[in-house]
**Student:** 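One structure follows; several queries about it will come next.
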Amino acid sequence: MLLSELLAICKREMAGVRDAAPGEAEILVSAVTAIPRSRLFLSMDDDVGDAKVRLFPLIARRAAGEPLQYVLGAWDFFGREFLLSPDTLIPRPETEGLAELAVAALRRSPAARPLALDVGTGSGAIAVTLAVEVPASRVVATDISSGALRMARENAARHGVASRFLPICCDLLSALKCGVRFAVVVSNPPYVSEGEWPLLPSEVRDFEPPGALLAGRDGLSVLRPLVAGADGLLSPGGEFWCEIGASQGEAASSMPCGSLRPLGVFRDLAGRDRYVGWKKPERER
């Protein structure tokens, strides 16, 4: 079968898939043929063998509502591909902004080998990005899900930073009591309220891990102890950055935070409140 024929079949089948975005057919064909999407239209006369056999199960999963990222088993984040599983959230463009803030903070650290902590690491997208972007750094990544940490380990090895990446399986409170001081603490915690949950797209509610999304009646049940505990995690001059819901900026920035100095609420590329930061004084009180 020629690539042109396979692509035509995939486009026809995907046309009937509800909520499928334009271009998904090309992404799926690229995945099953290992031909980069950018080269598909230069390879239309290539013989792709039995790729059709591999393609149809993926189309069936997508037609059942499974997110494309899980169907593929990987997705791009900060210019790199990260492996995914149902134990991990899908990396989103908004979270790239959080990673960018954390990378900048880590680069500001005067330490020769700055230490960072990613609380609730999931696939390890933020933690691995920190380790890759700041080669002198070491990164601790915690998560309560052993399945998520398995993905994080694989992604650290995939991007060549396994020797500077320490995954630890623990809950939030245990992570806050580790006794180590970090130059940067970062987290993309659960921040969806119980009332918002029914309003989320079905592919989020039905496929992504609820424990990584839901945070009580007001969406702040995880953020509160994080903010309160960050003071004890940071070294002098260290910074804490986290992602929040679009309506949570005022509540998050006014939470009790010990000696930390609020850095403010920052917006994502869509203009919504999305990130909030704090800084530890250079000198302990």
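Quick caveat, the model's predicted, so the values are computed rather than measured.
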**Student:** Tell me the closest heavy-atom pair linking Pro189 and Leu223, and the distance in Å.
**Tutor:** CG-CD1, 4.4 Å
**Student:** Quick one: does Val180's side chain get under 4.5 Å of Phe182's, heavy atoms only?
**Tutor:**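 Yes. Closest side-chain heavy atoms under 4.5 Å.
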**Student:** Is there a side-chain contact between Val276 and Trp278 (heavy atoms, below 4.5 Å)?
**Tutor:** yes
**Student:** Find out whether Trp241 and Leu263 are in side-chain contact, i.e. whether some heavy atom of one side chain is under 4.5 Å from a heavy atom of the other.
**Tutor:** yes
**Student:** Ignoring hydrogens, what is the shortest heavy-atom contact between Arg181 and Leu234? Give both atom names and the distance.
**Tutor:**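 Minimum heavy-atom separation between Arg181 and Leu234: NH1-O, 3.1 Å.
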**Student:** Measure from the side-chain N and O atoms of Asn155 to the backbone N and O of Gly124, and report whether any donor-acceptor pair falls under 3.5 Å.
**Tutor:**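 Not at all, since once roles are kept as given, no pair shorter than 3.5 Å links the two residues.
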**Student:** Does Val32 share a hydrophobic cluster with Met44, counting links as ILVMFWY side-chain heavy atoms below 4.5 Å and allowing steps through other members?
**Tutor:** yes
**Student:** To the nearest 0.5 Å, what is the distance between CG (Leu172) and NZ (Lys177)?
**Tutor:**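 Taking CG in Leu172 and NZ in Lys177, the distance rounds to 10.0 Å.
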**Student:** Got a donor-acceptor contact below 3.5 angstrom from the Arg138 side chain to the Arg113 backbone?
**Tutor:** yes
**Student:** Could Glu5 and Lys52 be called an ion pair, given the rule that one side-chain N must be under 4.0 Å from one carboxylate O?
**Tutor:** no
**Student:** Using the rule that Ile, Leu, Val, Met, Phe, Trp and Tyr join whenever any side-chain heavy atoms are under 4.5 Å apart, tell me whether Val48 and Leu58 fall into a single cluster.
**Tutor:** yes
**Student:** Quick one: CZ on Arg39 to OG on Ser30, what's the gap to the nearest 0.5 Å?
**Tutor:**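 If I round to the nearest 0.5 Å, the distance is 11.5 Å.
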**Student:** Whether Arg274 and Glu94 form a salt bridge (side-chain N of Lys/Arg under 4.0 Å from carboxylate O of Asp/Glu) is what I want to check.
**Tutor:** no
**Student:** Is it possible for you to say whether Leu130 and Leu166 belong to one hydrophobic cluster, with membership spreading through side-chain heavy-atom contacts below 4.5 Å?
**Tutor:** no
**Student:** For a quick check under 3.5 Å, do Thr121 and Asp143 share a side-chain donor-acceptor pair by atom type?
**Tutor:**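 No, Asp143 and Thr121 have no side-chain donor paired with an acceptor closer than 3.5 Å.
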**Student:** Between Phe56 and Glu13, does the side chain to side chain contact (heavy atoms under 4.5 Å, CB included) criterion hold? Intermediate values first, please.
**Tutor:** CA-CA 9 Å; Phe56 271 82; Glu13 295 294 324; 4.1 Å; yes
**Student:** Under 4.0 Å between a side-chain nitrogen and a carboxylate oxygen: does that hold for Glu203 and Arg62?
**Tutor:**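 Arg62 and Glu203: salt-bridged.
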**Student:** Contact between Arg164 and Val139 at the side-chain level, heavy atoms closer than 4.5 Å - yes or no?
**Tutor:** no
**Student:** Do Phe240 and Lys280 make a side-chain contact, defined as non-hydrogen atoms from C-beta onward lying under 4.5 Å apart?
**Tutor:**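 The answer is no, as the side chains (C-beta and beyond) never meet within the 4.5 Å cut-off.
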**Student:** Are Val222 and Leu260 in one and the same hydrophobic cluster, where Ile, Leu, Val, Met, Phe, Trp and Tyr link if side-chain heavy atoms are under 4.5 Å apart?
**Tutor:**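 Same cluster: Val222 reaches Leu260 through Ile, Leu, Val, Met, Phe, Trp or Tyr contacts under 4.5 Å.
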**Student:** Taking only Lys NZ, Arg NE, NH1 and NH2, and the carboxylate oxygens of Asp or Glu, determine whether Asp50 and Arg54 approach each other closer than 4.0 Å.
**Tutor:** yes
**Student:** Do Val29 and Leu42 sit in the same hydrophobic cluster, where Ile, Leu, Val, Met, Phe, Trp and Tyr count as joined when their side-chain heavy atoms come under 4.5 Å apart?
**Tutor:**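 No.
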**Student:** Has the side chain of Arg92 got a donor or acceptor atom that lies under 3.5 Å from a matching backbone atom of Ile90?
**Tutor:**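 The answer is yes, because a donor-acceptor pair under 3.5 Å joins these two groups.
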**Student:** With rounding to the nearest 0.5 Å, note down the distance linking CD1 in Ile126 to OG in Ser187.
**Tutor:**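 Ile126 CD1 to Ser187 OG: 7.5 Å, rounded to 0.5 Å.
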**Student:** Donor-acceptor pair, distance only, cut-off 3.5 Å: does the side chain of Ser235 make one with the backbone of Gly238?
**Tutor:** no
**Student:** Report yes or no: does Ser254 contribute a side-chain atom to a donor-acceptor pair with the main-chain N or O of Glu250 at less than 3.5 Å?
**Tutor:** yes
**Student:** Side chain to side chain contact (heavy atoms under 4.5 Å, CB included) for Arg107 and Val103? Distances and angles first, verdict last.
**Tutor:** CA-CA 6 Å; Arg107 286 174 175 161; Val103 166; 3.5 Å; yes
**Student:** For Glu194 and Arg217, what are the C-alpha separation, side-chain angles and deciding distance, and is it a salt bridge (charged side-chain N to carboxylate O under 4.0 Å, His left out)?
**Tutor:** CA-CA 5 Å; Glu194 293 173 358; Arg217 295 180 65 179; 5.0 Å; no
**Student:** Evaluate the side-chain proximity of Val119 to Val186: yes if any heavy-atom separation is below 4.5 Å, no if none is.
**Tutor:**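 Of all side-chain heavy-atom pairs linking Val119 with Val186, none is under 4.5 Å.
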**Student:** Nearest heavy-atom pair of Leu176 and Pro225: which atoms, and what distance?
**Tutor:** CD1-O, 3.3 Å
**Student:** Do other residues, nucleotides or ligands put more than 12 heavy atoms under 6.0 Å from the CG atom of Leu269?
**Tutor:**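 Incorrect, the count does not exceed 12.
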**Student:** Verify, without hydrogens or angle tests, whether Glu24 (side chain) and Leu68 (backbone) share a donor-acceptor contact under 3.5 angstrom.
**Tutor:**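 A pair under 3.5 Å: no.
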**Student:** Between atom CZ of Arg12 and atom CD1 of Ile59, what is the distance when rounded to the nearest 0.5 Å?
**Tutor:**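 Reported to 0.5 Å precision, the distance equals 9.0 Å.
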**Student:** Can Arg224 and Met255 be said to form a side chain to side chain contact (heavy atoms under 4.5 Å, CB included), step by step?
**Tutor:** CA-CA 7 Å; Arg224 286 192 188 92; Met255 287 180 180; 3.7 Å; yes
**Student:** Strictly below 4.0 Å, N to O, side chains only: are Glu133 and Arg80 in salt-bridge contact?
**Tutor:**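 Yes.
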**Student:** Is the closest side-chain heavy-atom distance between Val184 and Leu117 below 4.5 Å?
**Tutor:** no
**Student:** Quick check: closest heavy atoms across Ile35 and Leu3, and the distance to 0.1 Å?
**Tutor:** CD1-CD2, 4.1 Å
**Student:** Would you confirm whether Asp76, through its side chain, and Gly79, through its main-chain N or O, come within 3.5 Å as a donor-acceptor pair?
**Tutor:** no
**Student:** Could you measure the distance from the OG atom of Ser85 to the CE atom of Met151? Nearest 0.5 Å is fine.
**Tutor:** 5.0 Å
**Student:** Rounded to the nearest 0.5 Å, how far apart are CG of Asp46 and OG1 of Thr33?
**Tutor:** 9.0 Å
**Student:** Tell me the closest heavy-atom pair linking Ser221 and Gly216, and the distance in Å.
**Tutor:** OG-N, 3.5 Å
**Student:** With side chain to side chain contact (heavy atoms under 4.5 Å, CB included) as the criterion, how do Leu233 and Cys178 come out once you've worked through the C-alpha distance, each side chain's angles and the decisive distance to 0.1 Å?
**Tutor:** CA-CA 8 Å; Leu233 290 172; Cys178 68; 3.7 Å; yes
**Student:** List the residues meeting side chain to side chain contact (heavy atoms under 4.5 Å, CB included) with Gln248, not counting sequence neighbours, and say none if there are none.
**Tutor:**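 Side chain to side chain contact (heavy atoms under 4.5 Å, CB included) list for Gln248, sorted by chain: Tyr191, Leu220, Ile244.
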**Student:** Check the side chains of Thr95 and Glu243 for a donor-acceptor pair under 3.5 angstrom, ignoring hydrogens and angles.
**Tutor:**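 Present: a donor and an acceptor within the cut-off.
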**Student:** Quick check: do Phe82 and Trp75 have side-chain heavy atoms less than 4.5 Å from each other?
**Tutor:** no
**Student:** Please find the pair of heavy atoms, one from Ala131 and one from Ser137, that lie closest to each other, and give the distance.
**Tutor:**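 For Ala131 versus Ser137, the nearest heavy atoms are CA-OG, 3.6 Å.
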